[in-house]
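To keep things clear, I will list the structure first and then write my remarks on it.
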Amino acid sequence: MCVPGCQETVARRLSRRGLLKGLAGVTAGTAAFTAFPPPRAARAAPASFDRAVDLTHALMEDFPTFFGKPQLEMERTAEFSKDGFNMFTWHLAEHTGTHLDAPLHFSADGASADELALDQLVVPLVVVDVKQQAADDADYQVLVEDLKAFEAANGALPEGGCVAMNSGWGAYVAEEKFRNADADGAMHFPGFSKEACLYMMEKGVVGIAVDTLSLDPGASKGFDVHYTWLPSGRWGIECLANLDEVPATGATIVVGAPKIRGATGGPSRVLALV
């Protein structure tokens, strides 16, 4: 079932430009997460938007990857001059480019990408700016103190919403610095801390997002954030773009997650409605 106020909220958020038609009836039969209490209806206040910000990097065959090797190959299977149409077959690793991490990615039996309920993928978005900290320390981790400072300035983290880390790393996507690997191959880029994840879980946040290659800092050895966040039934987004165009509060994130049965995640078109 859709949580109280969900259908009304989604309808109001997406009513511009005829988007409501595309969502008619989709929320019927969806199930809310059971790993934590559903967001209160009071937190799902109606919202409107004036513009959409594309938070998605264009994906190409040489897009940087966590393991350092290409994860997309486009094989041409039809050409207009010969066949009258164009078509490619994609050879693609799920976790490539701007992409979703579904709970199943780091759990034995978590929800797959196709099982995520719509009302958990169109949610309030807040952006925590740690660009200065990341500029001073490439291994910076978003701390509980950062989140409390954000709340002191902007209000509580959104129950049933998404918290995005803006480290400024999206600007490096075409550079070696995006992976920032040292001589031993260890990567150095910012991410969330485990303690920050536990704090956000207490607050009822359903999604976290980063502008880097991983929810964990690049130097992480144990994937503490992945193993803390995803098995709880929550989702993550990696490799976001254009977070500087999104205000700290007041936006709605729309996660166009792949609806492939059994997928652990996948490239997603992610928008912020501002």
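Predicted model only: the values in this text are computed from it and were never measured. Starting from 1, each residue takes its place in the sequence as its number.
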Here the ring-ring contact (aromatic ring centres under 6.0 Å, His included) pairs for residues 116-146, sequence neighbours left out, are none

Taking every heavy atom of L157 against every heavy atom of M200, the minimum-distance pair comes out as CD1-CG, 3.9 Å

I'd like to know if the side chain of E94 and the backbone of T264 have a donor-acceptor N/O pair within less than 3.5 Å. yes

Q. So with a 6.0 Å cut-off around CG of D136, is the heavy-atom count from everything else above 12?
A. yes

Between G265 and P258 the two heavy atoms that sit nearest each other are O-CG, 3.7 Å

Scanning both residues in full, the closest heavy-atom pair of V205 with G161 reads CG1-O, 3.2 Å

> Is E238 close to L213 at the side-chain level, that is, under 4.5 Å between some pair of heavy atoms?
Replying inline: no

Output for pair (T56 OG1, L240 CG), nearest 0.5 Å, gives 7.5 Å

**OP:** Spell out, yes or no, whether I260 and F106 are grouped together once hydrophobic residues are joined by side-chain heavy atoms under 4.5 Å, including indirect joins.
**Re:** no

Query raised in the report: Are any non-hydrogen side-chain atoms of V122 and T252 less than 4.5 angstrom apart?
Result: yes

Practice item. Cation-pi check, K177 to W169: give yes when NZ or CZ is under 6.0 Å from the six-membered ring centre and within 45° of the ring axis, no otherwise. Key: yes

- Close side-chain approach of P190 to T212, heavy-atom, < 4.5 Å: yes

Contacts of S167 meeting side-chain hydrogen bond (donor to acceptor under 3.5 Å, both in side chains) (sequence neighbours excluded), chain-then-number -> D211

Rounded to the nearest 0.5 Å, the CH2 atom of W235 sits from the CG atom of D101 at a distance of 10.5 Å

inquiry  = Same cluster or not: F88 versus F85, using hydrophobic residues (I, L, V, M, F, W, Y) connected whenever any side-chain heavy atoms lie under 4.5 Å apart?
reply    = no

Do the non-hydrogen side-chain atoms of V128 and M165 ever get within less than 4.5 Å of each other? no

Sorted by chain and number, sequence neighbours left out, side-chain hydrogen bond (donor to acceptor under 3.5 Å, both in side chains) with R76 holds for N86

Output for pair (L55 CG, L125 CG), nearest 0.5 Å, gives 7.0 Å

*How are the rings of F66 and F189 set relative to one another: parallel (under 30°), tilted (30 to 60°) or perpendicular (over 60°)?*
perpendicular

message: Looking at E75, I want to see if its CD is surrounded by more than 12 non-hydrogen atoms of other residues, nucleotides or ligands under 6.0 Å.
response: yes

With sequence neighbours left out, the residues meeting salt bridge (charged side-chain N to carboxylate O under 4.0 Å, His left out) with E61 are none

Sorted by chain and residue number, the side chain to side chain contact (heavy atoms under 4.5 Å, CB included) partners of K148 (sequence neighbours excluded) come out as V144, E151, Y199

Are the side chain of D216 and the backbone N or O of H226 linked by a donor-acceptor pair below 3.5 Å?
yes

Sequence neighbours excluded, the answer for side chain to side chain contact (heavy atoms under 4.5 Å, CB included) partners of E145 is L143

Check: Between L116 and V255, is a side-chain contact (heavy atoms from CB on, under 4.5 Å) present by the stated rule, with each step listed?
Finding: CA-CA 11 Å; L116 294 175; V255 182; over 6 Å; no

Enumerate, atom names and distances included, each donor-acceptor pair closer than 3.5 Å involving a side-chain atom of residues 267-274, sequence neighbours excluded.
| residue | atom | partner | partner atom | Å |
| --- | --- | --- | --- | --- |
| S268 | OG | G266 | O | 3.0 |
| R269 | NE | D54 | OD1 | 3.4 |
| R269 | NE | D54 | OD2 | 3.1 |
| R269 | NH2 | D54 | OD2 | 2.8 |

Taken in chain and number order and not counting sequence neighbours, the residues that satisfy ring pair (Phe, Tyr, Trp, His ring centres under 6.0 Å) with H95 are H99, H105

Residues M201 and R234: closest non-hydrogen pair is O-NH2, 3.4 Å

Under 30°, 30 to 60°, or over 60°: which ring-plane class applies to H57 and F178, parallel, tilted or perpendicular? perpendicular

Identify whether F192 and L198 are in the same connected component of the hydrophobic contact network (ILVMFWY, side-chain heavy atoms under 4.5 Å). yes

Rounded to the nearest 0.5 Å, the CG atom of L147 sits from the CD atom of E195 at a distance of 11.0 Å

Same apolar cluster (I L V M F W Y, side chains within < 4.5 Å links), F150/L215: yes

*So if you build clusters from Ile, Leu, Val, Met, Phe, Trp, Tyr with side-chain heavy-atom gaps below 4.5 Å, do F67 and V225 land together?*
yes

Here the pair of heavy atoms bringing C197 nearest to W229 is O-CZ3, 3.5 Å

With sequence neighbours left out, the residues meeting side-chain hydrogen bond (donor to acceptor under 3.5 Å, both in side chains) with S112 are D114, E115

_Check whether S214 reaches the backbone of G218 with its side chain - one donor and one acceptor, N or O, closer than 3.5 Å._
no

When rounded to the nearest 0.5 Å, the distance separating CE of M74 from NE2 of H91 is 10.5 Å

Sequence neighbours excluded, the answer for side-chain hydrogen bond (donor to acceptor under 3.5 Å, both in side chains) partners of D83 is none

Salt bridge (charged side-chain N to carboxylate O under 4.0 Å, His left out) filter on K131, not counting sequence neighbours, yields D129, D244

Rounded to the nearest 0.5 Å, the CG atom of D224 sits from the NZ atom of K194 at a distance of 5.5 Å

The side chain to side chain contact (heavy atoms under 4.5 Å, CB included) partners of A174 (sequence neighbours excluded) come to none

Residues C239 and F63: closest non-hydrogen pair is SG-CE2, 4.1 Å

Original post:
Does V142 offer a backbone N or O that forms a donor-acceptor pair with the side chain of S193 under 3.5 Å?
Top reply: yes

